[in-house]
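Here the structure is a predicted model, which is why all the values come from computation and not from measurement. Just so it is clear, the values below take in all heavy atoms, side chains as well, and ignore hydrogens, waters and symmetry mates. All residue numbers in this chain count up from 1 along the given sequence.
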Amino acid sequence: MVGAVTSSPATSGDGPAPVAFDDAMRSYEPVLGLETHVELGTDSKMFCSCATAFGADPNTQVCPVCLALPGSLPVVNATAVESAIRLGLALNCSVASWCRFARKNYYYPDMPKNYQISQYDEPLCTDGYLDVTVDTPEGPREIRVEIERVHMEEDTGKTAHVGGATGRIHGAEYSIVDYNRAGIPLLEIVTKPIEHTGDLAPQVARAYVTELRDLVRSLGISDVRMEEGSLRCDVNVSLMPRGADEWGTRSETKNVNSLRSVERAVRSEIERQAGVLGAGERVVQETRHFQENTGRSVSGRSKEEAQDYRYFPDPDLVPVAPGAEWVERLRAGLPELPAARRARIKAEWNLSDEELRDLANAEAIDLVAATVEAGSSPDDARKWWLNELSRRATESEVELAALAITPEQVARVIALVSEGTLTNKLARQVVEGVLAGEGGPDEVVEARGLKVVSDDSALGAAVDRAIADNPDAADKVRGGKVAAAGALVGAVMKATRGQADAGRARELILERLGAR
């Protein structure tokens, strides 16, 4: 049953005060374990033909199989199996030649069958790894995160607890259940214990989930949108005293739903457990729920062991036995993976480690690459996405990729600047128009009249007026102080609303004042 179990002072109330992170790290060594669920982007569910589209009206994407009605029988989704194999291969796993599904027995109101079809002791993929890089004062450090298993299972439905202050079952007036999500294919990626990371543990956790997300996205098997629940991470943390050789009792913080929160959850749990141990109490094995508003977690329920789930082979499903030829064909079809792509891009674009890291941190690599493919130079594409467009994304409080401008449109803006049709200032106005929905770059230029004025007949009048309105500056130029022409150029630019070709305007000014 869903509920809080408070069998120890360590889990009752707020418990002992947390210890500051640096103090905790002086006394304890953290051990991490990360269980990440990836909701696959298949057209149909894991064991039936129901649709999987996100956001459909509640309980409209269900059938006798995913509602577990008597007499209904599941059939395995072949595309989901293929996706699992591809992910396993990308994670350097061994793919089993024979595996099967098991029933994991437990009750939740959003589990129609009162058991989940999953894999237990015979998973599809095992013994892999994923290398991640974190920044340290001494420079980038590569850490290998070992993967224990990648297995297939089905998702649960979704329960909303209405009323109360927390959105959880305690204190709620009633609960409503949407079974649309029940039966959607999931891949669970389980790491082996991650040791010897010290005070880098929070960063390692975030770097791992980030790299895994990018890897899954590159395979095209999921949109990995954490805000929609298609990528969810359970964070396991335990502490052991410095110099000890036995791991401490772990807690599991469930369904952490952003990269930032993964890092915060690890940090806060280290601080909490250090406070519990420092007070002479024991850490209880339990699940916890991370609170975004406080940056802390609260107790959920006692954590079951494998035997509590009473696993047994599902009698309604035949084993899965991927042939070697199929596996090798899938291996040969893997795309360029994120780490290899970054290395190639760094070399091709002549980027420093810092420049590549800035692109990765801004999640701009794909956007810049697409802009380059559309004809821009890497330097120009990188500058526009990391400067002007990042600023606008920040102001709009959206992700960079969510801006209403495409890489092709950005490349066109850059081309208009390169060919002299726009200045950088005018180009920023064009970007503003595109983002406002006024059309593509050329349409905005035409509608707003933003082309650079460069022909002599159009510039001549503005130059003459600038000379007449600024006699002191004009006299200085006549007297040989060519630098004073800058004030006159500025006057021309102001008169033309920034559309004058500044270089040609300067040439005309010097010609008229006899300074050439």
Side-chain angles (χ1 to χ4, degrees), residues 31-40 45-47 68 73-78 80-108 111 113-130 145-156 182-195 208 212 221 232-236 238 247 249-252 254-255 285-287 301-324 326-327 330:
V31 179
L32 305 180
L34 298 168
E35 302 171 16
T36 309
H37 291 84
V38 173
E39 196 174 84
L40 295 178
K45 292 186 180 181
M46 187 70 213
F47 301 111
L73 291 173
V75 177
V76 176
N77 185 327
V81 176
E82 182 174 284
S83 297
I85 294 172
R86 293 178 70 221
L87 179 58
L89 293 172
L91 289 170
N92 306 288
C93 291
S94 299
V95 178
S97 59
W98 187 95
C99 65
R100 58 183 170 179
F101 289 96
R103 292 186 179 181
K104 181 180 181 181
N105 294 274
Y106 64 104
Y107 173 75
Y108 282 128
M111 284 294 294
K113 294 187 289 290
N114 291 341
Y115 64 83
Q116 180 188 35
I117 301 177
S118 182
Q119 291 188 302
Y120 174 45
D121 56 343
E122 297 163 312
L124 180 60
C125 305
T126 56
D127 296 324
Y129 64 87
L130 183 62
V145 177
E146 295 187 325
I147 306 297
E148 179 179 304
R149 58 194 282 145
V150 178
H151 67 256
M152 301 175 287
E153 59 187 23
E154 59 179 342
D155 210 344
T156 63
I184 285 183
L186 282 183
L187 299 183
E188 182 172 356
I189 304 96
V190 182
T191 71
K192 294 181 180 180
I194 306 169
E195 301 180 80
Y208 166 77
L212 180 61
I221 61 176
R232 310 192 292 273
C233 184
D234 299 339
V235 176
N236 292 267
S238 68
W247 298 335
T249 302
R250 66 184 172 91
S251 68
E252 181 180 11
K254 300 287 289 184
N255 293 332
Q285 184 168 324
E286 61 177 344
T287 63
R301 58 184 171 85
S302 60
K303 177 62 179 173
E304 295 88 347
E305 298 289 354
Q307 63 267 21
D308 297 322
Y309 293 123
R310 293 174 289 117
Y311 283 100
F312 65 88
D314 193 305
D316 291 335
L317 289 164
V318 298
V320 176
W326 185 28
V327 172
L330 293 176

Legend entry - Lys113 and Asp314 ion-paired at < 4.0 Å: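 Salt bridge: no.
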
With side chains defined as the heavy atoms from C-beta onward, is the minimum distance between [X] and [Y] less than 4.5 Å?
{"X": "Pro74", "Y": "Leu317", "result": "yes"}
{"X": "Gln116", "Y": "Met111", "result": "yes"}
{"X": "Cys93", "Y": "Thr126", "result": "no"}
{"X": "Glu35", "Y": "Cys233", "result": "no"}
{"X": "Ile184", "Y": "Met46", "result": "no"}
{"X": "Arg86", "Y": "Ile221", "result": "yes"}

Reported [atom1]-to-[atom2] distance for the pair [X] and [Y], which is rounded to 0.5 angstrom:
{"X": "Cys125", "Y": "Glu148", "atom1": "SG", "atom2": "CD", "answer": "13.0 Å"}
{"X": "Tyr311", "Y": "Ser118", "atom1": "OH", "atom2": "OG", "answer": "5.5 Å"}
{"X": "Ile85", "Y": "Leu330", "atom1": "CD1", "atom2": "CG", "answer": "5.5 Å"}
{"X": "Glu188", "Y": "His37", "atom1": "CD", "atom2": "NE2", "answer": "3.5 Å"}
{"X": "Leu91", "Y": "Glu146", "atom1": "CG", "atom2": "CD", "answer": "12.5 Å"}

Inset, instruction - Applying side chain to side chain contact (heavy atoms under 4.5 Å, CB included), run through Asn105 and Tyr309 and close with a yes or a no. - result: CA-CA 5 Å; Asn105 294 274; Tyr309 293 123; 5.7 Å; no

Legend entry - Partner of Leu32 under side chain to side chain contact (heavy atoms under 4.5 Å, CB included), chosen from Thr191, Ile194, Val145: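 The option that passes is Ile194.
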
Which atoms form the tightest heavy-atom contact between [X] and [Y], and what is the distance?
{"X": "Pro322", "Y": "Trp98", "result": "CD-N, 4.5 Å"}
{"X": "Ala84", "Y": "Leu187", "result": "CB-CD2, 3.5 Å"}
{"X": "Leu124", "Y": "Gln119", "result": "N-OE1, 3.3 Å"}
{"X": "Glu39", "Y": "Leu186", "result": "CA-CD2, 3.6 Å"}
{"X": "Pro185", "Y": "Ala80", "result": "CB-CB, 4.0 Å"}
{"X": "Ile147", "Y": "Tyr208", "result": "CD1-OH, 3.5 Å"}

Using only atom types and a distance under 3.5 Å, with no angle test, would you say the side chain of [X] pairs donor to acceptor with the backbone of [Y]?
{"X": "Asn77", "Y": "Lys45", "result": "yes"}
{"X": "Asp234", "Y": "Asn255", "result": "yes"}
{"X": "Arg149", "Y": "Asp121", "result": "no"}
{"X": "Arg310", "Y": "Tyr106", "result": "no"}
{"X": "Glu154", "Y": "Ile117", "result": "yes"}

Inset, instruction - Given side chain to side chain contact (heavy atoms under 4.5 Å, CB included), test Val327 with Leu89 step by step and report yes or no. - result: CA-CA 9 Å; Val327 172; Leu89 293 172; 4.1 Å; yes

Legend entry - Test side chain to side chain contact (heavy atoms under 4.5 Å, CB included) applied to Asp127 - qualifying residues, sequence neighbours left out: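 Asp127 satisfies side chain to side chain contact (heavy atoms under 4.5 Å, CB included) with Lys192 only.
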
Legend entry - Non-neighbouring partners of Lys104 that pass salt bridge (charged side-chain N to carboxylate O under 4.0 Å, His left out), sequence neighbours left out: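 Applying salt bridge (charged side-chain N to carboxylate O under 4.0 Å, His left out) to Lys104 gives none.
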
Inset, instruction - Can you sort out the partners of Arg100 under salt bridge (charged side-chain N to carboxylate O under 4.0 Å, His left out), two or more places apart, ordered by chain and number? - result: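 Residues passing salt bridge (charged side-chain N to carboxylate O under 4.0 Å, His left out) with Arg100: Glu122.
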
Legend entry - Sub-6.0 Å ring centroid separation between Phe47 and Phe101: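 For Phe47 and Phe101, the ring centres are under 6.0 Å apart.
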
Inset, instruction - Please lay out, stage by stage, how His151 and Glu153 fare under the test side-chain hydrogen bond (donor to acceptor under 3.5 Å, both in side chains). - result: CA-CA 7 Å; His151 67 256; Glu153 59 187 23; 3.2 Å; yes

